Structure formats: C-alpha cells, structure tokens
Amino acid sequence: MRKAGPGSLTRFLPTSLFYRMSLAIGVVLVVVFGASSYFTYRIQSEQALTATKTQAILLTRGLKNTIKIGMGSGNTESLASIFQTVGSLPGVEKLRVFNEEGKIRYSAKPAEVGHLTDELDYTVYRSPERSTPFQSDVTGHRSFCMVEPIENDAKCHRCHPKEIEVLGVLDVCLSMEDTEKSIASNRLLLLSSTGLALILTSGIIGVLLKRFVSRPVERLVTTMEAVEAGKLDGRVEIRSATELGRLGNSFNEMIRKLSEARDELEKFHHRQLVRADRLASLGEMAAGIAHEIKNPLAGIYGAAQVLVNEFPEGDPKREIVGEMMILLKRLDNTIRDLLNFARFTEPQLTKGNLNDVIEKVLFLVQQTPEGKRARIRREFDPGMPEIEMDQEQVKQVFLNIALNALQARPDVVMISIRTQGDVAAAGDDVKHRARYVMASVSDDGPGIPPDRLGKIFQPFFTTKENGTGLGLSMARKILDLHEGRITAESGPGGGATFTVFLPRVKI
Ligand code: ADP
C-alpha cells in the first residue's frame, strides 16, 4: 500500500504563510476553547443535579421528622397544612404519604388522597434502594424523588399496634425543570461567550500575526523577487529587533555586497571588452604589418644567402651574415605564427580519427632535431570513433603541445599520450553535448607554476626567449571553433598535462 508522504496533507493548505498560521492557531483555539467550555458545562450540570439531589434528601428527612413530631404530639391536623405549605414551594412536584398498599393517605394536593400512588414510587419503596434519591420522568421532565418509610417506633405504640412495621411512606419529588432550564441558559451563555472569546482572540492574534510576521515576510519576499529580477537597489525595511529584523538586515547586507560584486564585475567586463577590442585591432594591425614585412624579409634573406656565398669559409664577415640569416629565420617564424593566428578561418570539417592525426604529428615531431630527445609512450583507445574535424587545425594544436613538451626540458623528455573515444569533458559547460573524444599529452618537464597556469592561453604570453606566445592561444581558438575545449594541469612535483576534448557528434 502506498504511504501518504508528509507533503500530501500540506498540498491542500493555502500557500500563504499568514493563512497557514491563522488556520493552525484557529484550530488550536477552537479545540482549547471548545474543550474548556464543554468541561465547564459538564461540571455546572453535575453541580446542579447534586444540589437538587441534596435538596430532595434534606426535604424528605426534614418532613419525616416533622411528621413524627406532629404525630407524637397528636397534632395531626397541622400536618395537612404543613403538607400544603411545603407542597406549594417552587420545585416541589410531589409530596404525599402512602400506606403499605400504596394508597395515598396525605398529599399536598388533597384531590390525590385515597388514590394509588405512582407505580415507580411504590416499586422503589418495595426495593432495597428505598431511602436513596432516584430519577423519575413520569411528569414528562426529569425529577428527583425519594420514598422514605416512617417506621413504627416506641413513641408510636400509643396509637399504633406494635405489629405494624411501617406507618406510612413519605413520597417526595422535586422537579428538575427549573434546574434544567438554568442549565440550558447557562449552556447558551457559555456557547456565546466562548464564540465571542474565540472571535476576539483570533482577531487579535490575526492582527499581531499580520503586523509582526506576515508583513515583514511579504516585504522580504517582494525585495527578494526584485533582486531575482536583477534590481539590486531595493532594501527591506523591517524596523524590529526580532529574528525577522535581523534576517532583513543580513539580507540588505547581502544585496549590498551583491550589488558591489555586480558593479565590480561590470567594470571588469567592460575592461575586458576594451582589452579584447584593443587586442583585436592590434591583431589586425599586427597581421597587416606582418604581411607587409614578410615579402621584404624574404628578399633580405635571399640577399643574405647570396652574400654568404661571397665570403670564403672562415671569413668573420661570412659568420656575421650567417648570424643575420639565423635571426632573419626566427623573424620569419614569428611572422608566420602571427599570420596563422590572425588568419583564422572556419574549420573545414572532414571525418577523421584523432589517433591517426596524433600519430602524424608525432611522426613530424620525430623528424625535427629536438624530436630526437623524445621518449614517447602511447596509450591509444582502439575504439576511437571517427569524428568531424579540421584535421590540419587539430594537427597544429597537437604540434604546439608536443613542441612545448619538448622545449620543457633540454635533455630526454618523456611524453605520454593517452586517448579515449567517449568521455564527458571535465567541467563541461556545453550543456547540450555530453560526450567527447579526448587526448591528453603529459611531459616530465618542470611543469607550470599555478600563477602562470591562468595566463598561458593568452596571446603573446611566453616565458621563452624565442617564443611568440601564440601557440596555446591558437590551440584554444581552434578548439573553440570546433566547440571543444583544452585544459592545462600541472602538479606540484612538476610535469604538465594538456587535455584536448573534441565533440563526438557535430550538432
Ligand atoms: P610559446 O611556446 O611561444 O611560449 P605558447 O602559447 O605555446 O607560446 O606557450 C605559452 C607558455 O606556456 C610558454 O612560454 C610556457 O611558459 C608555457 N608552457 C606551455 N607548455 C608548457 C609545458 N609543457 N611545460 C611548461 N610550460 C609550458
């Protein structure tokens, strides 16, 4: 069987905090007031009943004594008038004396004399419970009655034979009608005063709740919504020393800090935009200049080549021109990198296998003099799928990474390459594409210090004497165009790892 969860009941409750609290307090008040009124009513009713019962006992016992004294003194006539006087008292419903056979001998209502008494009274008289008050409703409403035998004792033997045990039975009934009426009016009074108290208490609690809880919370919610919508100039106004006041103050402080952070971010963003703009124009300018320099440089290099052959071997001038040629070559490399960087086009996508592309790069690297120092360890995923990429651009990426690894140390370099055909990119921020192919290149060089890690992808950042600082920024640009990514890691023990992610499926 399905269990109802904790939220199943609250689902039906109103969503406003004020209404929920009012409802809860209302239920508690109704229960408390209801229960206390009910018990008060019950106690009052019991007390009224007990009082009537006591009255019945007192009246019966008193009358019995009066009868005995009256009869003892032979003053039996006065008994009839006592009966009538007592019988006419309010609440006295029945006052009579009947004999052993149940025939009425004396009564507050003289017309009853000679008739048989009520069957219930006679039955009670014959039962062992006589002399204790009992309830009767023969008159249509509740009464407390008592039947009390008047025993034949020594004083009575003057007029009554000894053999007769009971001279007569006193039968008294007190009506509960008035008591019941007053209980009913009490109940009405109790109900209306409870209702009034309930309405007043609920009203006062409602006003306090609205003033001290609901309104401050509403103000908080409104300001929070404004903050959520980006308006950071609003503040919550809760002038109270309660927890809500403190919450409001902390919230205001939070908005102030948020606002400051946003301003700072906006300024930073603006600075970045200006910088990017400047870099873009600088890049364009640099590319233009590089283009202009490239051809004259080629001319100078050609001229130097001619010139170098003019001087015999060992001539210092030949050495100077040779040095000039090396410098010209380096200048040419820089200009080539710069032009490559500036002249980026959309990738020309073709299907290819990343393992094969890397293999080609490694072959190229091993042909260079630096490449001879490399010990290469491959851990290629045989299940590498074919993906869409610009293979020339991707080759450039791995060439840069591999050359950097070689330049990381002057002696033998250990380069480990690992590929995987199906991974989720670390810190994946491309939400709609979860799967990538991956290749990581690690070396055992000195590594990259943490403060430098954030800068190495910036254009023109280099720590090398002959570096251009364009290799990694170019790699990042290529991967951006492929909707992939590149990350760099370096541990405290040295060694750098560059990881490249390329999307498995082009969207
Ligand atoms: P360049 O190689 O011309 O300096 P890059 O953009 O390729 O330009 O590299 C930028 C900088 O990143 C390098 O100057 C170097 O400080 C650092 N770097 C790149 N790869 C490595 C590596 N494998 N080990 C240590 N430092 C590296």
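Indexing begins at 1, ligand by ligand and atom by atom, following the structure's order. Keep in mind the model is a prediction, meaning the values are calculated, not measured.
What sits closest to atom 14 (O) of ligand 1 on the protein, heavy atoms only, is T463 N, 2.9 Å. The protein atom (non-hydrogen) at minimum distance from atom 4 (O) of ligand 1 is T462 OG1, 2.6 Å. Among protein heavy atoms, atom 20 (N) of ligand 1 sits closest to N404 CB, 3.3 Å. Nearest protein heavy-atom neighbour of atom 10 (C) of ligand 1: F461 O, 3.3 Å. Distance from atom 18 (N) of ligand 1 to its nearest protein heavy atom, with residue and atom name: I448 CD1, 4.3 Å.
Where the criterion is an N or O separation shorter than 3.5 Å, residue side chain and backbone included, S473 fails it with respect to ligand 1. For K464, a nitrogen or oxygen atom sits less than 3.5 Å from a nitrogen or oxygen atom of ligand 1, counting backbone and side chain alike.
Using modelled atom types and a 3.5 Å distance limit, the side chains of T499 and S440 yield no donor-acceptor pair.
Minimum interatomic distance between F144 and Q135 (heavy atoms only, all atoms of both residues): CE2-CG, 3.7 Å. Of all heavy-atom pairs between L307 and F311, the closest is O-CD1, 3.4 Å.
Between E392 and K395, at least one side-chain N (NZ, or NE/NH1/NH2) sits under 4.0 Å from a carboxylate O, which counts as a salt bridge. A salt bridge between R256 and E253 is present, with a side-chain N of the basic residue lying under 4.0 Å from a carboxylate O of the acidic one.
The backbone N or O of K351 lies less than 3.5 Å from a partner atom in the side chain of Q391, making a donor-acceptor pair. In terms of modelled atom types and a separation under 3.5 Å, the side chain of S259 and the main chain of I255 share no donor-acceptor contact. Under the 3.5 Å distance criterion, the side-chain polar atoms of S490 are left unmatched by any main-chain donor or acceptor of G447.
Between the choices A408, G469, G445, P446, the shortest heavy-atom distance to atom 8 (O) of ligand 1 belongs to G469.
Note on residues 357-381: pairs passing side-chain hydrogen bond (donor to acceptor under 3.5 Å, both in side chains), not counting sequence neighbours, are E359-R378. Screening residues 211-229 for side-chain hydrogen bond (donor to acceptor under 3.5 Å, both in side chains), with sequence neighbours left out, gives no hits.
Neither the backbone nor the side chain of F457 has a heavy atom within less than 4.0 Å of ligand 1. When non-hydrogen atoms are compared, ligand 1 lies under 4.0 Å from the side chain of D443 (C-beta onward) but not from its backbone.
Atoms of ligand 1 lying under 4.0 Å from at least one heavy atom of G467, given by number and element, are 3 (O). Proximity to L472 (heavy-atom distance under 4.0 Å) selects the following atoms of ligand 1: 5 (P), 6 (O), 7 (O), 9 (O), 12 (O), 19 (C). Taking every non-hydrogen atom of I456 and a distance limit under 4.0 Å, the qualifying atoms of ligand 1 come out as 6 (O), 10 (C), 12 (O), 17 (C).
Residue-ligand proximity: T468 is placed with a non-hydrogen atom under 4.0 Å from ligand 1. Between G447 and ligand 1 there is a heavy-atom distance shorter than 4.0 Å.
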